[in-house]
Colleague: 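Let me begin by handing over the structure; questions about it come next.
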Amino acid sequence: MEESNDLMQQRKEKVNEIRDAGINPYPHQYTPTHSTTLIHKEFEDADETPNEDSKVTIAGRIMTKRDHGKSSFAHLQDSGGQIQIYIRRGNVEQDSYQIYRKVDVGDIIGVSGTVFRTRTGELTILADSIELLSKSIRPLPEKWHGLQDKQTRYRQRYADLIMNPEVKDVFIKRTKIVQAIRDMLNDDNFIEVETPVLQPIYGGASARPFTTYHNTLDQPLYLRIANELYLKRLIVGGFDRVYEFSRDFRNEGMDRDHNPEFTMLELYQAYADYQEIMELTENLIAQTVEKLHGTTKIQYQEQELDFTPPWNRITMVESIKQNSDFDPESLSDDELYTKVVNAGIELAGDESKGEIIAELFDTFVEDKLIQPTFIYDYPIEVSPFAKKKPENPEYVERFEFFISGMEVGNAFSELNDPIDQRQRFLEQASNLEKGDEEAFMVDEDYLRALEYGMPPTGGLGIGIDRLTMLLTDQYSIRDVILFPQMRPES
RNA sequence: GAGCCGUUAGCUCAGCAGGUAGAGCAUCUGACUUUUAAUCAGGUGGUCACAGGUUCGAUUCCUGUACGGCUCACCA
C-alpha cells in the first residue's frame with residue numbers, strides 16, 4: 001500500500017501548484033558545465049567579488065536551505081560533493097526567484113551563476129537563474145544526525161547514499177579495488193571470461209546451493225557456488241591464464257562475513273604451482289592496498305595490518321602445534337579422536353583424520369591469524385580438487401590466507417590427474433548419499449575435460465567482499481554490499 | 001537455530017515505579033538581502049511495531065509474533 005503522511009501530502013500539493021504555474025516539475029534534460037568537484041578545483045583562488053569569468057552551470061540535490069527574507073543560502077550536492085549557492089532577489093531572474101520559493105530540501109535543481117567567496121570564506125555560486133529538475137515528494141532525514149537506523153540504511157540504500165557521503169566512498173573504493181586487480185591481471189596476460197551462473201551440476205566448493213528450474217529444458221538448475229570447474233575447462237581448452245569476478249550463491253547462514261550472494265575472484269594459471277600462486281597472491285593484494293592507500297600498512301578496526309610481502313607462511317599442522325597442545329601427526333587416528341573429544345570439541349564420530357585436523361585449525365588457529373598469513377598443506381579429505389603432495393599423499397598442495405581472523409582466499413595446485421579426480425568425486429558422491437549436504441555430485445563432463453589433459457595449473461580464489469571490508473575498514477560485509485540480503489519488510 | 005538488546009512524529013531521540021505522550025531538526029504562517037545546526041514569533045503533525053493477556057484503565061507490566069542489531073552455533 002502506498003505510504004503517505006502530511007509532509008508528503010504537502011509536497012504533492014506543491015507539485016500541482018508548480019504544474020499550475022506552467023512549470024514542468026520533471027523536465028527531461030539539463031546541461032551542467034561544472035561539477036562541485038570541478039568548481040572547488042577551478043575556483044580555489046576566487047575572492048569576494050563575483051565576476052563574469054566565473055560563470056558556471058551546475059545540477060544537484062538541495063541538502064540545506066537557509067532563507068533570509070529576500071535572500072537565501074542553500075547547499076547543493078552532486079556525485080562529488082557539495083557547494084553553497086546564494087540566491088538574492090534583485091540578482092536572480094524573476095521567474096527563477098519564484099521557482100526557488102517553491103523548492104524544498106531534497107529537490108534536484110539546476111543553477112547558473114558566478115562563483116565567489118562569501119565573507120566567511122566559503123566558495124559559493126551567486127545564482128542568476130534556477131531550474132527545477134526533479135521535485136522530491138518524500139522528505140529526507142534530518143540534516144544534523146542524518147540517517148542512522150541500520151535497517152533503513154540497508155533497505156533504502158539510496159537514502160543512505162544521499163545522507164552519508166562516507167558510505168558512497170566505501171563503494172567507490174570497492175570499485176577501485178576491483179579495477180586495480182583487473183588492471184594487474186590484464187597486464188599479466190590474464191584473460192577475463194564469463195562462465196555460467198546457472199549450472200546443471202554445482203561444484204568447486206563445499207556449500208549448499210540455491211536450486212531453480214528451467215521450464216523449457218524441464219530440468220533443475222543450480223545457481224553457482226563457484227566457477228572453478230568451468231575456468232579449469234578453459235585451461236584445458238588452451239586459455240593459459242583466465243580469471244572471472246564471479247557472483248557466487250550459497251544457501252547458508254548470514255552473519256558479519258557471509259552474505260548469500262557474494263563476489264569471488266577466481267584465477268587459473270597454467271604451468272604454475274601453489275607456491276607461485278602464493279607469490280602472485282601477496283603481490284596482487286599488496287599492490288592493490290598500495291594503490292588504494294599509498295602504503296601497505298593500514299588500519300583495520302583496532303588492528304594495524306601489514307600487507308608488505310612476503311607474508312607469513314606456515315603449514316596447517318604446524319599452526320595447530322603452535323596454537324594448541326595437539327600434535328596430530330604424532331598420534332594415531334584413534335588417539336587423536338579421543339584427545340579431541342576429551343578437549344570438549346564436538347565431533348559427529350565419522351570424521352576422518354583430515355577432517356579432525358581441519359576442525360582443530362578452525363578451533364585453535366583461525367581467529368588468531370591477524371596479519372596476512374598463508375596456511376598451507378591441507379588434509380586431502382577436505383580438498384577434493386587439489387593435487388597430492390609428492391612426498392605425503394595424505395596432504396595436498398593447497399593454501400588459504402587469513403587476515404584479521406578471516407579467511408580471505410583459497411588456492412591450490414590443481415588436481416589434473418583424471419583417475420585421481422574421479423576417485424575424489426566418488427568420495428564426495430558417497431558423502432552426499434550419507435547426508436552431507438555440502439558434498440557434491442560427480443561432474444562427468446569435467447572429468448572428460450581432464451581426460452583430454454590439463455596442464456599443471458595453479459588456481460586461486462579471493463573473497464572480494466571480505467577484501468573490501470579490510471581495505472575500507474568496515475566491520476560487516478553488509479557495509480560493502482550495496483543491497484545486502486534482508487528479510488522482506490512486513 | 002539459541003541468548004541478549006531494540007522498534008515512540010518524516011529524521012534523531014527523551015519519557016511513563018500503569019492515568020492514552022514530549023524535545024530538537026524538518027514542515028506550515030509571519031518577519032528578515034552574506035547565512036552556514038541562521039535567528040525570532042506562532043501553529044500542524046503520533047494506531048507509542050503488531051496481536052493477545054492482566055487491570056477500572058496499558059505506550060508503560062506479562063506472553064506471543066514480525067523486523068532489525070550484537071554474540072554464539074551452523075557455514076570455507
Side-chain angles (χ1 to χ4, degrees), chain A residues 3-11 13-14 48 50 63-75 82-92 97 104-106 116-124 126 136-156 159-160 162-163 204-208 225-226 248 250-260 262 264 346 348 355 358-359 361-363 366-367 375 378 382-384 398 400-402 406-411 436-438 461-463 466 475-476 478-479 484-490:
Chain A
E3 176 195 340
S4 197
N5 55 53
D6 288 353
L7 296 174
M8 293 185 65
Q9 207 48 50
Q10 282 168 6
R11 289 197 176 196
E13 279 158 25
K14 281 190 188 174
E48 295 188 11
M63 298 304 289
T64 60
K65 214 166 164 251
R66 294 175 293 284
D67 293 342
H68 303 261
K70 297 183 179 63
S71 77
S72 179
F73 290 89
H75 275 100
Q82 295 196 354
I83 187 133
Q84 178 167 261
I85 58 172
Y86 176 34
I87 295 89
R88 206 174 144 168
R89 188 172 189 177
N91 207 93
V92 71
Y97 190 72
D104 295 300
V105 168
F116 73 109
R117 204 170 281 281
T118 61
R119 64 179 173 220
T120 52
E122 178 162 354
L123 204 62
T124 300
L126 175 62
S136 160
I137 61 168
R138 185 179 288 272
L140 284 177
E142 187 219 344
K143 62 189 169 190
W144 190 242
H145 299 91
L147 180 61
Q148 306 279 346
D149 183 69
K150 283 200 173 183
Q151 184 164 183
T152 311
R153 291 183 45 211
Y154 295 146
R155 288 190 195 282
Q156 303 183 29
D160 191 23
I162 292 169
M163 298 307 298
S206 307
R208 285 153 66 189
I225 57 172
D248 295 342
R250 297 187 183 175
N251 207 336
E252 289 163 356
M254 295 147 64
D255 59 27
R256 150 172 139 71
D257 51 12
H258 292 85
N259 193 65
F262 63 102
M264 175 124 85
E346 278 186 41
E355 285 167 327
E359 180 66 36
F361 174 79
D362 286 349
T363 304
E366 179 166 359
D367 58 4
I375 298 293
Y378 278 56
V382 296
S383 314
R398 173 183 181 187
E400 293 186 315
F401 62 98
F402 297 82
M406 235 180 356
E407 180 204 330
V408 183
N410 183 20
D436 180 355
E437 292 186 75
E438 289 165 14
I462 298 177
R466 290 181 183 178
Y475 178 75
S476 167
R478 286 189 293 274
D479 293 316
Q485 199 63 49
M486 303 282 275
R487 286 201 165 84
E489 288 177 78
S490 51

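A note on names: the letters A, B, ... follow the listed sequences, proteins ahead of strands, and every chain is numbered from 1.
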Colleague: Rounded to the nearest 0.5 Å, what separation is found between the CD atom of Glu13(A) and the CD1 atom of Ile137(A)?
Modeller: 11.5 Å
Colleague: As a test of reading the structure: which of C25(B), U12(B), A76(B) is closest to the side chain of His145(A), going by heavy atoms?
Modeller: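 It is U12(B).
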Colleague: Who does G24(B) pair with, Watson-Crick or G-U, both distances under 3.5 Å?
Modeller: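 Its partner is C11(B).
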Colleague: Between G24(B) and C40(B), how many Å separate the two P atoms, rounded to a whole number?
Modeller: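 The answer is 11 Å between these two P atoms.
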Colleague: Using OP1 and OP2 only, check whether a side-chain N or O of Lys14(A) sits under 4.0 Å from U27(B).
Modeller: no
Colleague: The side chain of Tyr86(A) lies closest to which of these nucleotides: U34(B), A37(B), C75(B)?
Modeller: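 Among the listed nucleotides, the one closest to the side chain of Tyr86(A) is U34(B).
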Colleague: What's the gap between U20(B) and U59(B) when it is taken at their P atoms, as a whole Å value?
Modeller: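 Each nucleotide's P atom is 11 Å from the other's.
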Colleague: Contact class for Ala205(A) (heavy atom, under 4.0 Å): base, sugar-phosphate, or nothing?
Modeller: nothing
Colleague: I need the minimum non-hydrogen distance between Met63(A) and Met163(A), along with the two atoms involved.
Modeller: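 Scanning both residues completely, I find the closest heavy atoms to be CE-SD, 4.0 Å.
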Colleague: Please state how far atom CD in Gln485(A) lies from atom P in G69(B), giving the value in whole angstrom units.
Modeller: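 The distance from CD of Gln485(A) to P of G69(B) comes to 12 Å, rounded to the nearest Å.
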Colleague: A side-chain contact here means heavy atoms from C-beta on lying under 4.5 Å apart; do Phe262(A) and Arg250(A) qualify?
Modeller: yes
Colleague: Measuring only the P atom in each nucleotide, how far is U60(B) from C48(B)? A whole number of Å is fine.
Modeller: 10 Å
Colleague: Taking the C1' atom of each, how far is U54(B) from C62(B), in whole Å?
Modeller: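 Here U54(B) and C62(B) have their C1' atoms 7 Å from each other.
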Colleague: Does U34(B) have OP1 or OP2 sitting under 4.0 Å from an N or O in the side chain of Arg117(A)?
Modeller: no
Colleague: Which is true for Asp149(A) with a 4.0 Å heavy-atom rule: it touches a base, it touches only sugar-phosphate, or it touches nothing?
Modeller: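 Sugar-phosphate, no base atom in range.
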Colleague: On RNA chain B, check which nucleotide each of Lys65(A) and Pro141(A) is closest to and give me the residue with the more 5' one.
Modeller: Pro141(A)
Colleague: Within the modelled atom types, does a donor on one side and an acceptor on the other bring the side chain of Glu142(A) and the base of G24(B) under 3.5 Å apart?
Modeller: yes
Colleague: Looking only at atom P, what distance separates A37(B) and G19(B), rounded to whole Å?
Modeller: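 It works out to 40 Å between them.
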Colleague: Might you point out which heavy atoms bring Asn410(A) and Glu400(A) nearest each other, and give the distance in Å?
Modeller: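 Result for this residue pair: OD1-CG, 3.4 Å.
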Colleague: Quick one: the side chain of Arg88(A) and the base of U33(B), do they pair up donor-acceptor inside 3.5 Å?
Modeller: yes
Colleague: Any idea which of A26(B), A76(B), C67(B) is nearest the Lys143(A) side chain?
Modeller: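 Of the options given, the side chain of Lys143(A) lies nearest A26(B).
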Colleague: Paired with C70(B): which nucleotide, if any, by Watson-Crick or G-U wobble criteria at under 3.5 Å for both distances?
Modeller: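 Base partner found: G3(B).
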Colleague: Between U33(B), C75(B), A76(B), which nucleotide gets closest to the side-chain atoms of His258(A)?
Modeller: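 Nearest to the side chain of His258(A) among the choices is C75(B).
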Colleague: Using only atom types and a distance under 3.5 Å, with no angle test, would you say the side chain of Arg89(A) pairs donor to acceptor with the backbone of Tyr97(A)?
Modeller: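 The answer is no, because no donor-acceptor pair under 3.5 Å joins these two groups.
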Colleague: Taking atom P of C11(B) as reference, at what distance in whole Å does atom NZ of Lys150(A) sit?
Modeller: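 In whole Å, C11(B) P lies 18 Å from Lys150(A) NZ.
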Colleague: Is there a donor and acceptor pair, one atom on the side chain of Thr118(A) and one on the base of U35(B), closer than 3.5 Å?
Modeller: yes
Colleague: Applying a 3.5 Å limit to both distances, which nucleotide forms a Watson-Crick or G-U wobble pair with U47(B)?
Modeller: none
Colleague: Counting N and O atoms only, with roles assigned by atom type, does the side chain of Asp160(A) sit under 3.5 Å from a partner on the main chain of Tyr154(A), one being a donor and the other an acceptor?
Modeller: no
Colleague: Closest approach to the side chain of Leu7(A), judged atom by atom: which nucleotide of C11(B), G10(B), C28(B) is it?
Modeller: G10(B)
Colleague: Would you kindly give the CZ-to-C1' distance between Arg155(A) and G68(B), to the nearest whole Å?
Modeller: 8 Å
Colleague: Expressed in angstrom and rounded to an integer, what is the separation of Ile225(A) atom CD1 from C75(B) atom C1'?
Modeller: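 About 12 Å, once rounded to whole Å.
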Colleague: Find the distance Phe73(A):CZ to A38(B):P and express it as a whole number of Å.
Modeller: 12 Å
Colleague: Rounded to whole Å, how long is the line connecting atom CG of Asp255(A) with atom P of C70(B)?
Modeller: 10 Å
Colleague: Taking CD from Glu438(A) and C1' from A76(B), how many angstroms apart are they, rounded to a whole number?
Modeller: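 Computing the Glu438(A):CD to A76(B):C1' distance gives 8 Å.
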Colleague: Ignoring hydrogens, what is the shortest heavy-atom contact between Arg478(A) and Asp255(A)? Give both atom names and the distance.
Modeller: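 What the structure gives for the nearest pair is NH1-O, 4.2 Å.
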Colleague: Roughly how far apart, to the nearest Å, are G46(B) and U65(B) at atom C1'?
Modeller: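 Result for the C1' pair: 23 Å, nearest Å.
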Colleague: From C-beta outward on Arg478(A), which listed nucleotide comes closest to its side chain: C70(B), U12(B), G45(B)?
Modeller: C70(B)
Colleague: Ignoring backbone atoms, test whether Arg66(A) places a side-chain nitrogen or oxygen under 4.0 Å from the OP1 or OP2 oxygen of U35(B).
Modeller: no
Colleague: What's the closest nucleotide to the Phe116(A) side chain, out of A76(B), U27(B), U34(B)?
Modeller: U34(B)
Colleague: So, OP1 or OP2 of C67(B): does either fall under 4.0 Å of a side-chain N or O from Arg487(A)?
Modeller: yes
Colleague: If we call it a pair only when both distances are under 3.5 Å in a Watson-Crick or G-U wobble match, what pairs with C40(B)?
Modeller: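 C40(B) is paired with G30(B).
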Colleague: At under 4.0 Å between heavy atoms, what does Gln148(A) touch on the DNA or RNA strands: base, sugar-phosphate, or nothing?
Modeller: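 Gln148(A): backbone/sugar contact only, no base atoms under 4.0 Å.
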Colleague: Using a 4.0 Å heavy-atom cut-off across all strands, classify Gly463(A) as base, sugar-phosphate, or nothing.
Modeller: nothing
Colleague: Of the nucleotides C67(B), U27(B), U33(B), which one has an atom closest to the side chain of Gln10(A)?
Modeller: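 Shortest atom-to-atom distance from the side chain points to U27(B).
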Colleague: Distance between the P atoms of C70(B) and U34(B), in whole angstroms?
Modeller: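 Per the computed distance, 48 Å lies between those P atoms.
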Colleague: Given A76(B), G68(B), C32(B), identify the nucleotide with an atom nearest to the side chain of His68(A).
Modeller: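 Looking only at heavy atoms from C-beta outward on His68(A), the closest nucleotide is C32(B).
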Colleague: Roughly how many Å is it from CD in Gln156(A) to C1' in G10(B), rounded to a whole number?
Modeller: 11 Å
Colleague: Looking at G18(B), which nucleotide sits across from it as a Watson-Crick or G-U wobble partner, both distances under 3.5 angstrom, or is there none?
Modeller: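 Paired with G18(B), as far as the under-3.5 Å criterion goes, is no nucleotide at all.
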Colleague: Calculate, to the nearest 0.5 Å, the distance between atoms CD and CZ belonging to Glu252(A) and Arg208(A) respectively.
Modeller: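 Interatomic distance, Glu252(A) CD to Arg208(A) CZ, rounded to 0.5 Å: 7.0 Å.
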Colleague: Confirm from the modelled atom types if Gln84(A) and U35(B) form a donor-acceptor pair under 3.5 Å, side chain to base only.
Modeller: yes
Colleague: Does Arg256(A) have a side-chain nitrogen or oxygen under 4.0 Å from the phosphate oxygens OP1 or OP2 of C70(B)?
Modeller: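 Answer no for this pair, as no side-chain N or O of Arg256(A) is under 4.0 Å from OP1 or OP2.
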Colleague: Assign Met163(A) to base, sugar-phosphate, or nothing according to its heavy-atom contacts below 4.0 angstrom with the strands shown.
Modeller: nothing
Colleague: Apply the side-chain hydrogen bond (donor to acceptor under 3.5 Å, both in side chains) test between Thr124(A) and each candidate in His75(A), Gln84(A), Arg117(A); give the one that qualifies.
Modeller: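 The side-chain hydrogen bond (donor to acceptor under 3.5 Å, both in side chains) with Thr124(A) is passed solely by Gln84(A) among His75(A), Gln84(A), Arg117(A).
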Colleague: Would you mind telling me which of A26(B), U12(B), U35(B) lies closest to the side-chain atoms of Thr124(A)?
Modeller: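 The answer is U35(B).
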Colleague: Given the C1' atoms of G15(B) and G22(B), what is the spacing between them in whole Å?
Modeller: 7 Å
